[in-house]
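Scroll down for the structure; my scribbles are underneath it.
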Amino acid sequence: MKLSLYCVCWVVFVLMMGIDVSAQEGGRLLKAANTLYDNFDYERAIELYKDVLIEDNSEEAKLRLAQCYLLLGNFEQTAYWYKLLTAQQTNNYDYKLAYAQVLQRIGNYSEAKKWYLDYAKYDVWGEKLAKNCDLIPNLRQKVANYEISIPSFNSNAADFSPIALDNQLIFVSNRSKLSGSVSPAAHYNGFLDFYEVSKQPGFVFGVPQRIKSKVNGDFNDGPASFCKADSMFYFSRNSATSNGKKVKTANNATLKTTLYTARYDALGRFNDIQPFPFNNPDYSFSYPAIAPDGQTLYFASDMPGGIGGMDLYVCAKIDTFWSQPINLGAEVNTPGNEVFPYIANDGTLYFASDGQATIGGYDIFMCQRQQGKWSNVNNMGLPFNSAYDDFSFWIDNTKEYGYFASNRPGGMGFDDVYRFQIPGYMEALAVVIDTVNIAPPVDTNVEKVFIIDQPVIDNPIINKTIGMNKVSFKSGDWKLNAEAQLELDKVVKFLKENPEVSVELGAHTDARGDDFVNYEISQKRAEAAREYIFLEGVPANQIVTKGYGENEILNECYNNVTCTDAQHQQNNRLNVKVLTVKGTAVTVTNPPPYESIAEPIKNTPAIQEFPLPDGSTVPPPPMTPLDTTTVILPTPADTLPPMQFKIIIGPYSTIDNTTYYTFAELNTPISTNQVGNDNFILLGPYPTIAEAEDMTQKVKALGGKTKVVAYTKEGYESLLSIKKLKKMGYK
């Protein structure tokens, strides 16, 4: 992908600055290999770099090998060479960052997290990257109801960034110079041009044709964005300069990306091509995205003053002029790269990033503007994202279908355009948008009674009593959006007006995903709500939090039960219960709200009335003594997520053949791993804790220092200890 090439070459330049100049001027083989590398012939360059290493332990050759394999998509080999580089240069934090990133691509999140934390000693961004590793397993579980296919107009070249224009798609490709069986090097040698393809009913496509217009220049052209409101076409292209002057050949020239506009007429022609007023030869403007009304333009740039390599910016149209570019801020931009923005009709911003919490490489993200700020940046999860590069998202105004691009395996070429179609609207995707409010209108004529001096058992919640609508969370997330904050303001008002009252904030999730992860998510949701209420001036002793996970499902949507997204969403909720009044436990009775299944409490003697926030009081019904026995049901074994278990032996400064084969003779799966300067031997995986612990006894008899660690079926290390897993029912 041209995006990857730009970013990788930039990283190579930074890394190469630390290498001895004399090494760069080494032997004939190294020079020949570098020539192949500079001409994008990575496969042949690899063989020469390996020949160099036979004669010389060249740091430059190892770095080039790592980058060659990365550009060819061989992440295992990339990791191997970065591992050697980190061992050779233990204080090179750029190597540590690159090694962590490729470990993340191959799914070794626990190891990647360790290297990110090591990198954090140099750059605090490493701490965020390390935290992101904890989120990745959840992202990999977010499988939506979707249909995905590869349109017929793809080629064996790079194809990406489709946009709809009339009854056709316009996309970017470098297929013009490619045909038949070609090497990956050719995909970089062919410049990108705009192509158009007719779109017929039923998503049948015609034969792609290169656009015969000046929107295709001498070098790379694209991506583009089209505004139907004023028929304006915004696109990016390369310009070549040498000694400050424009040239028509890329040889010995500097290529920068600049923005242009063109007017699209009724005959399908592009006219009046004009440069964007803020183009600058010293840095790049690229990836334009015009808002549907034509009044705001989003793009990516590496201009000075940004947060990372490529940041997203926005300009507003004022009459016929554009405002100065404004950085979208740290909520969107990271020390990494943010590119390929797209603005949907509803104002949602989609973009690609390698600095947010990604499954691997570039992932597609979305966020919305609330109260003047971009917030709640969310990874769109599967199927849009993978361990490879995923980018150039576009969705139709109906929100029923769209396109994105990826260089994941299984496509037709280097980069491919993928089409997705979702039954219903985009809101059906819990991993993308979760704004459905299923709460019915609040009944203002509800009987509301507060009764004190009575022990609490299954306290009905007071959400409806205080006029509170449902607090919604995005699936797998605990961030409070603007709507949630408005609902929590009602809790704040109630607690400030009734300082003698304390409440429990109980958070719940649906049954999708890992049961224990859901418990952690629910606890974080409750704590996020508590923090918000506390920061609004409510004393901490009035608020108690509890995460219920998926233990209190309201409908039939348990594990392995097929339900619609709306049905699952009924279980994602925040309940507010009154616990005490002036230090005395209370029972609150009111008709069960839409998310409550608690039975009304009857025939209980009244103790005293309690004034409501609106100043009214209601005589309490009679009450009878209640059974305070609490029964906690064990988790059924069949609801536990599948786990596997490994034995970790070590650490060792080095692992010699004698040590290795001592444990290999146990006739069990064996592998090795390195963390920093420590080396480990891994045995397994084993299907049960018991089998792992049986093997542990044999290992200890041989003198090995051991530890049993749990892994999920996807292969990432569980945060739960063996002791805790046993309590949960694992054998």
| message | Go through it in stages, so that I can follow the logic: the residues are Gln368 and Thr348, the test is side chain to side chain donor-acceptor pair (under 3.5 Å), and I'd like the CA-CA distance, side-chain angles, deciding distance and then a yes or no. | response | CA-CA 5 Å; Gln368 292 182 324; Thr348 302; 3.1 Å; yes
| said: If you apply the rule side-chain contact (heavy atoms from CB on, under 4.5 Å), what do you find for Cys367 with Val332, and how did you get there? | reply: CA-CA 8 Å; Cys367 65; Val332 172; 4.0 Å; yes
| message | The test is side-chain contact (heavy atoms from CB on, under 4.5 Å); show your working for Lys113 and Glu111 and say whether it passes. | response | CA-CA 5 Å; Lys113 181 178 180 179; Glu111 190 70 8; over 6 Å; no
| task | Check the pair Asn376 / Asn481 against side chain to side chain donor-acceptor pair (under 3.5 Å), numbers first and verdict last. | result | CA-CA 7 Å; Asn376 297 330; Asn481 57 27; 5.8 Å; no
| field | Audit row: Glu400, Gln421, side-chain contact (heavy atoms from CB on, under 4.5 Å) steps and yes/no | value | CA-CA 6 Å; Glu400 293 179 338; Gln421 187 165 5; 5.6 Å; no
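Not counting sequence neighbours, the partners of Tyr388 by the ring-ring contact (aromatic ring centres under 6.0 Å, His included) test are Phe75. Ala120 is linked by a side chain to side chain contact (heavy atoms under 4.5 Å, CB included) to Glu127, counting only residues two or more places apart in sequence or in another chain. Qualifying salt bridge (charged side-chain N to carboxylate O under 4.0 Å, His left out) partners for Lys121, counting only residues two or more places apart in sequence or in other chains: Asp118. Here Asp221 pairs with Arg237 under the salt bridge (charged side-chain N to carboxylate O under 4.0 Å, His left out) rule; sequence neighbours left out. Among residues two or more places apart in sequence or in another chain, the side chain to side chain contact (heavy atoms under 4.5 Å, CB included) test is passed with Asn327 by Ile307, Asp311, Tyr313, Asn333. By the side-chain hydrogen bond (donor to acceptor under 3.5 Å, both in side chains) test, Ser406 pairs with Asp390, Arg408, sequence neighbours left out. Residues meeting the side-chain hydrogen bond (donor to acceptor under 3.5 Å, both in side chains) test with Gln356, sequence neighbours left out: none. In this structure, Asp230 has no salt bridge (charged side-chain N to carboxylate O under 4.0 Å, His left out) partners at least two apart in sequence or on a different chain. Every residue meeting the side-chain hydrogen bond (donor to acceptor under 3.5 Å, both in side chains) condition with Asp363, not counting sequence neighbours, appears here in chain and number order: Asn379. Evaluation of the ring-ring contact (aromatic ring centres under 6.0 Å, His included) rule for Tyr418 yields Phe404 as partners, not counting sequence neighbours. Residues forming a side-chain hydrogen bond (donor to acceptor under 3.5 Å, both in side chains) with Tyr283 (at least two apart in sequence, or on another chain): Asn280. With sequence neighbours excluded, the residues satisfying salt bridge (charged side-chain N to carboxylate O under 4.0 Å, His left out) with Asp159 are Arg175.
The two atoms that bring Ile343 and Ala289 nearest to each other are N-CB, 4.4 Å, heavy atoms only. Contact record, Ala507 with Ser522: CB-O, 3.0 Å, taken as the closest heavy-atom pair. Counting all heavy atoms, side chain and backbone alike, Ser353 lies closest to Thr334 at OG-OG1, 4.3 Å. Minimum heavy-atom separation, Ala112 to Gln104: CB-N, 3.8 Å. The two atoms that bring Phe226 and Tyr264 nearest to each other are CE1-CB, 3.8 Å, heavy atoms only. Here the closest non-hydrogen pair linking Val215 and Phe235 is O-CE1, 3.9 Å.
A donor-acceptor contact closer than 3.5 angstrom is absent between the side chains of Tyr260 and Asn279. Between Arg525 and Gln523, the side chains place no donor N or O within less than 3.5 Å of an acceptor N or O (distance only, hydrogens not considered). Judged purely by distance below 3.5 Å, without hydrogens or angles, the side chains of Asn271 and Asp265 pair a donor atom with an acceptor atom. In this structure, a donor-acceptor pair under 3.5 Å is present between the side chains of Asp510 and Asn572. Tyr287 and Glu338 share no side-chain donor-acceptor pair at under 3.5 Å.
Taking the six-membered ring for Trp and the full ring otherwise, the centers of Phe171 and Phe160 sit at least 6.0 Å from each other. Aromatic ring centres of Phe365 and Phe384: separated by at least 6.0 Å. Taking the six-membered ring for Trp, Phe393 and Tyr350 have ring centres closer than 6.0 Å. Taking the six-membered ring wherever Trp is involved, the centroid distance between the rings of Tyr342 and Phe351 does not fall below 6.0 Å.
The pair Lys228-Asp293 fails the salt-bridge criterion, with no side-chain N (NZ, NE, NH1 or NH2) lying under 4.0 Å from an Asp/Glu carboxylate O. Ion pairing of Arg530 with Glu527 is absent here, as no side-chain N (NZ or NE/NH1/NH2) approaches a carboxylate O to less than 4.0 Å.
For the pair Tyr109 and Leu103, the minimum side-chain heavy-atom distance is 4.5 Å or more. Side-chain contact between Leu169 and Phe153 is present, with heavy atoms from C-beta onward closer than 4.5 Å. Counting only heavy atoms from C-beta outward, the side chains of Pro288 and Leu297 approach each other to under 4.5 Å.
Classification of the Trp394-Tyr403 ring pair by plane angle, with boundaries at 30° and 60°, yields tilted.
Figure legend: cation-pi geometry between Lys96 and Tyr93, with NZ or CZ positioned under 6.0 Å from the six-membered ring centre and within 45° of its axis.
For NZ of Lys479, the number of neighbouring non-hydrogen atoms (other residues, nucleotides, ligands) closer than 6.0 Å is greater than 12.
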